[in-house]
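Shown next, in structure tokens, is the structure this report addresses.
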Amino acid sequence: MTAPARPVLTGMELAVLRGAAEGQTYAVLGARLGLNEKSVAKIAVRLGRKIGARNITHAVHLAHHVGLLPECQGDRASYLRHLKRGEPTHAVCRAANAQHAVEQRAGRLATKELA
Ligand SMILES: [Zn+2]
């Protein structure tokens with residue numbers, strides 16, 4: 001499998017993407033970046049188009065996979081690293097961690113059945 005192309009985002013687009021990955025609203029992000037909410041929404045649409053995403057949530061998901069958010073690969077290891085460093089977690093790495101817990105439980109049940 002070849003990795004998807006890594007689009008080039010502007011600093012502002014990356015800031016919006018990071019903020020969205022942290023679960024910030026456009027209003028909060030706007031205040032942080034010195035923009036109004038509408039401008040943040042516009043940037044979100046633009047960066048989504050660059051990445052080929054359907055919406056900002058999809059953009060965050062794809063961004064993890066193409067390495068646009070290098071601090072997180074959207075897996076359990078990333079989730080644990082966030083916790084250790086006191087960083088915000090993301091929907092994708094939280095989901096990976098939850099999936100791991102489900103698999104662990106299923107594994108324990110399977111082992112019990114065999115015993
Ligand atoms: Zn993450």
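Ligands are counted one by one from 1 in listed order, and the atoms in each one are counted from 1 as well.
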Rounded to the nearest 0.5 angstrom, the NZ-CZ distance for K84 and R81 is 9.5 Å
Next on the checklist: Within the structure provided, determine whether V40 and T25 are in side-chain contact (heavy-atom separation under 4.5 Å).
Outcome noted: no
- Message: Between T10 and K50, is there a side-chain heavy-atom distance shorter than 4.5 Å?
- Response: yes
On a heavy-atom basis, the closest approach of L29 and V16 is CD1-O, 3.8 Å
Given the options R18, H82, H61, H90 meets side chain to side chain donor-acceptor pair (under 3.5 Å) only with H82
Between R32 and E22, is the salt bridge (Lys or Arg N to Asp or Glu O under 4.0 Å) condition met? List the steps. CA-CA 13 Å; R32 191 199 278 177; E22 291 166 16; 3.3 Å; yes
Near the Zn ion (ligand 1), meaning under 2.8 Å, the protein N/O/S atoms are C72 SG, H82 NE2, H90 ND1, C93 SG
